[in-house]
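Notes to accompany the following structure.
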Amino acid sequence: YAELQATSEELENMQQIYTVYEAQKRARADWADTLWVNLNMEQLTDGIEDYLRRLKRLDKRVRKMPIYGVVDQGMKSFKESLPLIQDLKNDALRDRHWKRLMEKTGQSFDMNTDTFTLGHLFSMQLHNYVDIIEEIVVSASKELSIEKGIVEVKDTW
């Protein structure tokens with residue numbers, strides 16, 4: 001019965017990984033339903049970090065399992081995409097910048113504040129367009145700075 005015991009332990013270990021995985025999957029689904037205008041980046045960051053901590057607290061035997069690495073990497077990839085989402089939350093982005101983003105990525109979306117959710121962003125696979133997004137966000141920030149400068153000049157005159 002040694003094989004049965006080993007199989008039983010392996011299943012218990014997998015169950016521990018699955019429990020954390022399933023909880024973060026449900027959280028990601030909830031986050032995906034969040035309207036873009038209501039998105040709280042701190043809550044998102046804290047949430048994924050909590051799931052990564054929970055995963056790391058699992059027993060060493062569990063952490064040595066191949067599936068642990070897959071789940072861990074998936075969560076880390078999500079965490080690494082958060083700065084990109086933060087960039088897109090930049091107040092400097094105007095409609096023209098979102099349109100440019102659509103043109104350069106070949107993605108199309110409706111930025112209606114009543115319907116646009118984080119899930120829409122997830123589905124666009126924007127992590128494949130990091131350089132384009134950075135370029136647009138930097139450009140938008142510079143444009144906003146110029147716009148503020150113009151307003152100051154107008155107010156002064």
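Being a predicted model, the structure only gives us computed values, none of them experimental. This chain uses plain numbering: 1 for the first residue, then up along the sequence.
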Please, which pairs that meet side chain to side chain donor-acceptor pair (under 3.5 Å) have at least one residue in [range], sequence neighbours excluded?
range: residues 32-47; value: none
range: residues 111-121; value: T117-H120
range: residues 80-90; value: N90-S141

Pairs touching residues 74-93 that satisfy ring pair (Phe, Tyr, Trp, His ring centres under 6.0 Å), sequence neighbours left out: W31-F78, F78-F122
Any pair counted as salt bridge (charged side-chain N to carboxylate O under 4.0 Å, His left out), so long as it reaches residues 2-11, sequence neighbours left out: none
Could you grab the distance from atom [atom1] of [X] to atom [atom2] of [Y], nearest 0.5 Å is fine?
X: M14; Y: T19; atom1: CE; atom2: OG1; value: 13.0 Å
X: Q16; Y: L55; atom1: CD; atom2: CG; value: 10.5 Å
X: L44; Y: K79; atom1: CG; atom2: NZ; value: 11.5 Å
X: I136; Y: R100; atom1: CD1; atom2: CZ; value: 5.5 Å

Identify, with sequence neighbours excluded, every residue that meets side chain to side chain donor-acceptor pair (under 3.5 Å) alongside [X].
X: K76; value: D72
X: S77; value: Q73
X: E147; value: R96

Output side-chain donor-acceptor pairs under 3.5 Å for residues 125-135, partner residues at least two apart or in another chain, one line each.
from: N128; atom 1: ND2; to: Q125; atom 2: O; distance (Å): 3.3
from: Y129; atom 1: OH; to: T105; atom 2: O; distance (Å): 3.3
from: E135; atom 1: OE2; to: K104; atom 2: NZ; distance (Å): 2.7

Closest approach of A23 to R54 (non-hydrogen atoms, all atoms of both residues): CB-NH2, 4.0 Å
For a quick test of reading the model, state the closest non-hydrogen atom pair linking Q24 to M75 and the distance between them. CG-CE, 3.3 Å
Can you get from [X] to [Y] by hopping between Ile, Leu, Val, Met, Phe, Trp and Tyr side chains that sit under 4.5 Å apart?
X: I85; Y: L35; answer: no
X: V137; Y: L82; answer: yes
X: V37; Y: W98; answer: no
X: L52; Y: V70; answer: yes

Contacts table for residues 60-69: side-chain donor-acceptor under 3.5 angstrom, sequence neighbours left out:
from: R61; atom 1: NE; to: D59; atom 2: OD2; distance (Å): 3.0
from: R63; atom 1: NH1; to: K56; atom 2: O; distance (Å): 3.3
from: R63; atom 1: NH1; to: L58; atom 2: O; distance (Å): 2.5

Is there side-chain contact between L101 and L88, with heavy atoms separated by less than 4.5 Å? yes
Are side-chain heavy atoms of R53 and D50 found at a separation under 4.5 Å? yes
Under a 3.5 Å cutoff, is there a donor and acceptor pairing between the side chains of S139 and E143? yes
By side chain to side chain contact (heavy atoms under 4.5 Å, CB included), Y18 pairs with (sequence neighbours left out) Q15, Y21, E22
Residues at least two apart in sequence or cross-chain that pass side chain to side chain contact (heavy atoms under 4.5 Å, CB included) with I146, listed by chain then number, are I150
Checking side chain to side chain contact (heavy atoms under 4.5 Å, CB included) for the pair L93/L144: CA distance, chi angles, key distance, verdict? CA-CA 9 Å; L93 289 175; L144 181 62; over 6 Å; no
I'd like to know whether K148 forms a side chain to side chain contact (heavy atoms under 4.5 Å, CB included) with V151, so could you lay out the CA-CA distance, the side-chain angles of the two residues, the decisive distance to 0.1 Å, and finally the verdict. CA-CA 5 Å; K148 286 180 178 178; V151 168; 5.6 Å; no
Should V20 and V71 be marked as a side chain to side chain contact (heavy atoms under 4.5 Å, CB included) after you check the CA-CA gap, both sets of side-chain angles, and the distance that decides it? CA-CA 9 Å; V20 176; V71 172; 5.8 Å; no
